[in-house]
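Nothing fancy with the numbering, it's 1 onward along the sequence. None of the values given here were measured: they were computed from a predicted structure.
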Amino acid sequence: METDPQKSYVDSETDYILERNYEFCGHHLWMSQSSDSQLGTSGFIWEAGLALCQYIEKQNLTFDGMKVIELGAGTGIIGILAVLLGGNVTITDQPNVLKQIQHNVTANVPMSCRDRVNIHALSWGRDHAQFPSDYDFILGGEIVYFSKTYPLLIKTLQHLSSERTIIYLSSKMWQDFQINKFYEVILPEHFNCQLVNRNEESDINVYKVTKKSPSSENQLLT
């Protein structure tokens, strides 16, 4: 949740900077967001990202010793929380977003934990094969919103996950972006998808996703 009033300033390289303080799982996070037009939607913390952090807190999840990757990280708030909860975390987004992520990692992750966080560019469906296929957790907050990227995201999730991988995705259910179709039709073709939390007021869903076994997928095709 947000705990302190926001503050802002102007940076010569990244334009307008907005900082907010959040608290999850007993950790205070001072997160910077940028209005730099080159970052687009990646420059901000979205409600669905906060909803996933709240779910992690509510469920008392721990990532101790686990191999975690955050997709479409933006500010990196979810991945940073996973690091603070013991995970070995790779935080990913487009190349032009990595500087913002690095700034927030430096501001929030103690030096004693820095060896457990890596920041890398990842373009879905293109260079995903450069990453391992054995993550324990895959996290994504508000990354499902542009239908043209849905096949690329599916391809990336397939590569990064095994049948034991737990994937948590949170989304505001915007009607204009066919988000229901992604979770109810597209994703279930390859993954088991369970709605584990819904905020009616904000219209935000959190899903727990696991990979279907090859035999299950073959049954769907026959």
- Message: Between E23 and L29, is the side-chain contact (heavy atoms from CB on, under 4.5 Å) condition met? List the steps.
- Response: CA-CA 6 Å; E23 182 177 355; L29 305 177; over 6 Å; no
- Applying side-chain contact (heavy atoms from CB on, under 4.5 Å), run through S123 and Q94 and close with a yes or a no. CA-CA 6 Å; S123 296; Q94 297 292 331; 3.3 Å; yes
- Message: Show, in sequence, the C-alpha distance, side-chain angles and deciding distance for T165 and K211, and conclude whether the side-chain contact (heavy atoms from CB on, under 4.5 Å) test is met.
- Response: CA-CA 7 Å; T165 304; K211 197 172 191 177; over 6 Å; no
- Show your reasoning for whether side-chain contact (heavy atoms from CB on, under 4.5 Å) applies to I91 and N118. CA-CA 6 Å; I91 304 177; N118 291 286; over 6 Å; no
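At least one side-chain heavy atom of H27 sits under 4.5 Å from a side-chain heavy atom of L85. Residues T106 and R114 have side chains in contact (heavy-atom distance under 4.5 Å, counting atoms from C-beta outward). Looking only at side-chain heavy atoms (C-beta outward), H128 and K155 come within less than 4.5 Å of each other. By the 4.5 Å heavy-atom criterion applied to side chains, M31 and Y22 are counted as neighbours. Residues I167 and T210 are not in side-chain contact: their nearest non-hydrogen atoms beyond the backbone lie 4.5 Å or more apart. Counting only heavy atoms from C-beta outward, the side chains of R20 and Q33 approach each other to under 4.5 Å. Contact of the Q54 side chain with the N197 side chain is not registered, since no non-hydrogen atoms from C-beta on lie closer than 4.5 Å. A heavy-atom distance below 4.5 Å is not found between the side chains of L160 and S133.
Taking the six-membered ring for Trp, Y207 and Y168 have ring centres at least 6.0 Å apart.
S213 and E163 share no donor-acceptor pair across their side chains, judged by distance under 3.5 Å alone. Inspection of the Y183 and S171 side chains reveals an N or O donor paired with an N or O acceptor under 3.5 Å. Between N88 and R116, the side chains place no donor N or O within less than 3.5 Å of an acceptor N or O (distance only, hydrogens not considered).
The backbone N or O of A73 sits less than 3.5 Å from a side-chain atom of D93, completing a donor-acceptor pair. E57 contributes a side-chain N or O that, together with a main-chain N or O of C25, makes up a donor-acceptor pair within less than 3.5 Å. Judged by distance alone, with hydrogens and angles left aside, the side-chain atoms of S202 form no donor-acceptor pair with the main-chain N or O of N199 at under 3.5 Å. Not a single donor-acceptor pair under 3.5 Å links the side chain of T92 to the backbone N or O of H120. Using modelled atom types, no side-chain atom of D127 and backbone atom of Q130 make a donor-acceptor pair closer than 3.5 Å. Formation of a donor-acceptor pair under 3.5 Å by the K172 side chain with backbone atoms of D203 is not found in this model. Under the 3.5 Å distance criterion, the side-chain polar atoms of N192 are left unmatched by any main-chain donor or acceptor of V209. A donor-acceptor contact shorter than 3.5 Å links the side chain of T156 to the backbone of G125. Within the 3.5 Å criterion, the main-chain N or O of L169 finds no donor-acceptor partner in the side chain of K208.
Between D134 and R164 there is no salt bridge, since no side-chain N of the basic residue sits under 4.0 Å from a carboxylate O of the acidic one.
Interatomic distance, OG1 of T90 versus CZ of F131, reported as 7.0 Å (0.5 Å rounding). Note: I179 CD1 to N205 CG = 9.5 Å, rounded to the nearest 0.5 Å. Rounded to the nearest 0.5 angstrom, E70 CD and I77 CD1 are separated by 9.0 Å. Between W124 atom CH2 and L71 atom CG the span is 6.5 Å, to the nearest 0.5 Å. Residue F63 holds its CZ atom at 11.0 Å from CG of L84, rounded to the nearest 0.5 Å. Atoms CG and CD1, from D136 and I69 in turn, are 12.0 Å apart once rounded to the nearest 0.5 Å.
A tilted orientation is assigned to the rings of Y150 and F182, their planes being inclined by 30° to 60°.
The minimum heavy-atom distance between V68 and A82, with the atom names listed, is CG1-CB, 4.3 Å. Minimum heavy-atom separation, G141 to L52: N-CD2, 4.4 Å. Taking all atoms of both residues into account, the shortest heavy-atom contact from K148 to P151 is O-CD, 3.6 Å. In terms of heavy atoms, G76 sits closest to I101 at N-CG1, 4.4 Å. The nearest pair of heavy atoms linking G49 to S170 is N-OG, 4.1 Å. Scanning both residues, I78 and C53, for their nearest heavy atoms gives CG1-SG, 3.9 Å.
Cation-pi check for K67 over Y135 is met; the charged atom lies under 6.0 angstrom from the ring centroid and within 45 degrees of its normal.
No continuous path of ILVMFWY side-chain contacts below 4.5 Å connects L187 to I204, so the two sit in separate hydrophobic clusters.
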